[in-house]
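Residue numbers run from 1 in the order of the sequence given. Below, each value reflects all heavy atoms present in this structure, side chains not excepted, and no hydrogens, waters or symmetry copies.
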Amino acid sequence: MENSYKGTNKLITGIVFGVITFWLFAQSLVNIVPAVKKDLGISTGTLNIGISLSALFSGMFIVAMGGLADKIGRKKITNLGLILSIIGSLCLVLANGAALLIIGRIIQGFSAACIMPATIALVKTYYEGADRQRALSYWSIGSWGGSGVCSFAGGLIATYLGWRWIFIFSIIFALLALYLIKDTPESKAETSGKFKFDFLGLGIFIIVMLALNVLINYGSDLGWTSPRSIILAVVTVVGAIIFIKVEKSKKVVLIDFSLFKNKPYSGATLSNFLLNAIAGTLVVANTYVQVGRGFSSFQAGMLSLGYLVVVLAMIRVGEKILQKIGAKKPMVWGTIITTIGVAIMGLTFLPDLPYTVVVFTGYALFGLGLGIYATPSTDTSVTNAPSNKVGEAAGIYKMASSLGGAFGVAISATVYSVMSANNLEVGATWGIITNVIFGVLALLSIMFLVPKNAGKEDHEASGDNAA
């Protein structure tokens, strides 16, 4: 049944609805802190922990759930993710204090770990060539677009309906997603023998990810050279070495490191990590225009409007470029445009009006570049993943996004705070330069690892049937 089934628009819609339950709705909590804090009567610290738990649990389990999707069924794991999303959202709707908020956020993170890799694996299984590239474009619109629009959508819903309605909408979209994918046949890797899972690898991986995430998110508060930060860094490094040794010595593994022998996959995943690290620019620029230039939070948000509009508009353009000339050129162009957009935001010596214009333009170029890059990069990672490990490969690719964003924000914020101690302009400029370096490294990883014809032959082999 799996081999004869062809993916439909109904399945794409269901997948996109599933993806936005996290990226649009669950992510909105970041932008409605005052309303939630006031309503639930909890401290800012507790709320911040609640916010970060989703990303933490998503990052810890996304590779494991991707691998599990390959073994027991990609549709099963997608459905599990959607059910968990409903339960997590329901906890937030019913929350009257910290307990249900924390539980709900953990469940939402776990649901994202199920949905992200399993839905990419379904796209790889049921769509070919240009149809697959189109499906991945819509997937990217759901994730990139959802995370871009969430601050506006969340703010709008919270202002006019109340913040709990954000999670009521999330439940509705999850139910619609369950309905839309219900007729899709199951898809999983062909295996022989009884089911096996790498529980030892998962245990070590969770410890490493936990230490790394706490270090990234709280290192500046703890002090980067404090004993606690040093212990966390040692646990991360030693744990990672042990994890790699354990994984290379076993047949049943959590992460198959042979995936990285495929240069296009490595190039797509590494550049994805580095381009997500550029998210640190948003924190630096946003903070600087408010503290250094006297903008309100609303005005600072309006500066990034160009980014939101352009990234959504350009994702399908990136898909069309991919189909015409392959993946490498749009990945290179997208990275260069993004890096230029980031670089001009570092021109902090400019007076107020010109600098405002420059920042608005920088954000728009940022969105333009990421929009062009998104589908060719995702398609390269999916196309070059073995069919029996596509869930695991997608999990690693998406984990690179999350970790890249967390690293970028932590490093940029630290550079900005250290360098701006005496001069805000200098601090902002160095914070931005840090992100330009990420952009240059992303460009190098694409140029050296992604072959010239990546993505093009896949499209040509299937015929030009993009809708």
Side-chain angles (χ1 to χ4, degrees), residues 17-59 81-113 115 142-143 145-177 213-214 217-218 221 279 282-283 286-287 290-291 295-302 304-305 308 402 405-406 409 413:
F17 282 0
V19 168
I20 65 172
T21 58
F22 182 75
W23 289 107
L24 177 57
F25 297 110
Q27 289 290 84
S28 292
L29 193 65
V30 178
N31 306 288
I32 54 166
V33 168
V36 179
K37 187 179 157 190
K38 185 182 173 185
D39 191 23
L40 297 183
I42 56 177
S43 68
T44 305
T46 304
L47 190 49
N48 286 340
I49 289 167
I51 288 168
S52 63
L53 278 172
S54 281
L56 176 62
F57 273 77
S58 167
L82 292 168
I83 291 162
L84 287 171
S85 178
I86 291 166
I87 295 167
S89 293
L90 203 55
C91 286
L92 288 156
V93 172
L94 301 173
N96 58 2
L100 279 179
L101 173 82
I102 298 291
I103 294 165
R105 292 301 287 174
I106 289 170
I107 295 170
Q108 283 182 325
F110 199 76
S111 91
I115 292 168
S143 60
S147 61
V149 176
C150 72
S151 60
F152 286 93
L156 202 66
I157 296 167
T159 303
Y160 292 102
L161 295 172
W163 68 268
R164 292 173 200 269
W165 274 93
I166 292 168
F167 302 103
I168 293 171
F169 282 122
S170 183
I171 291 168
I172 292 166
F173 274 84
L175 288 168
L176 286 169
N213 274 276
V214 173
N217 290 308
Y218 300 104
D221 296 335
L282 306 177
V283 175
N286 208 2
T287 307
Q290 289 181 65
V291 178
F295 281 48
S296 68
S297 57
F298 175 74
Q299 288 169 326
M302 289 303 286
S304 65
L305 197 58
L308 303 182
S402 304
V409 168

With the side chain counted from C-beta on, respond yes when Ile168 and Val93 share a heavy-atom pair under 4.5 Å apart, and no when they do not.
yes
Does a side-chain heavy-atom distance below 4.5 Å link Ile157 with Phe169?
yes
Sort and list the pairs that fulfil salt bridge (Lys or Arg N to Asp or Glu O under 4.0 Å) and have at least one residue in residues 154-168, not counting sequence neighbours.
Asp39-Arg164
[atom2] on [Y] to [atom1] on [X], rounded to 0.5 Å:
| X | Y | atom1 | atom2 | value |
| --- | --- | --- | --- | --- |
| Ser111 | Ile107 | OG | CD1 | 9.0 Å |
| Leu82 | Ile87 | CG | CD1 | 11.0 Å |
| Phe25 | Ile172 | CZ | CD1 | 8.5 Å |
| Leu101 | Asn96 | CG | CG | 11.0 Å |
| Ile171 | Leu92 | CD1 | CG | 9.0 Å |

Can you name the residues that form a side-chain contact (heavy atoms from CB on, under 4.5 Å) with Ile106, not counting sequence neighbours?
Leu53, Phe57, Ile102
Could you pull out all residues at least two apart from Ala98 that satisfy side-chain contact (heavy atoms from CB on, under 4.5 Å)?
Ile42, Thr46
For Phe167, give me all partners under ring pair (Phe, Tyr, Trp, His ring centres under 6.0 Å), at least two apart in sequence or on another chain.
none
Phe17: which residues meet the ring pair (Phe, Tyr, Trp, His ring centres under 6.0 Å) condition with it, sequence neighbours left out?
Phe173
What are the two closest heavy atoms between Leu40 and Ala95, and how far apart are they?
CD2-O, 3.4 Å
Work out which heavy atom in Ser58 is nearest to a heavy atom in Ala112; give both atom names and the distance.
OG-CB, 4.1 Å
Just to verify, what does Ser170 make a side chain to side chain donor-acceptor pair (under 3.5 Å) with, not counting sequence neighbours?
Ser89
Using modelled atom types and a 3.5 Å cut-off, is there a donor and acceptor pairing between side-chain atoms of Ser54 and backbone atoms of Arg105?
yes
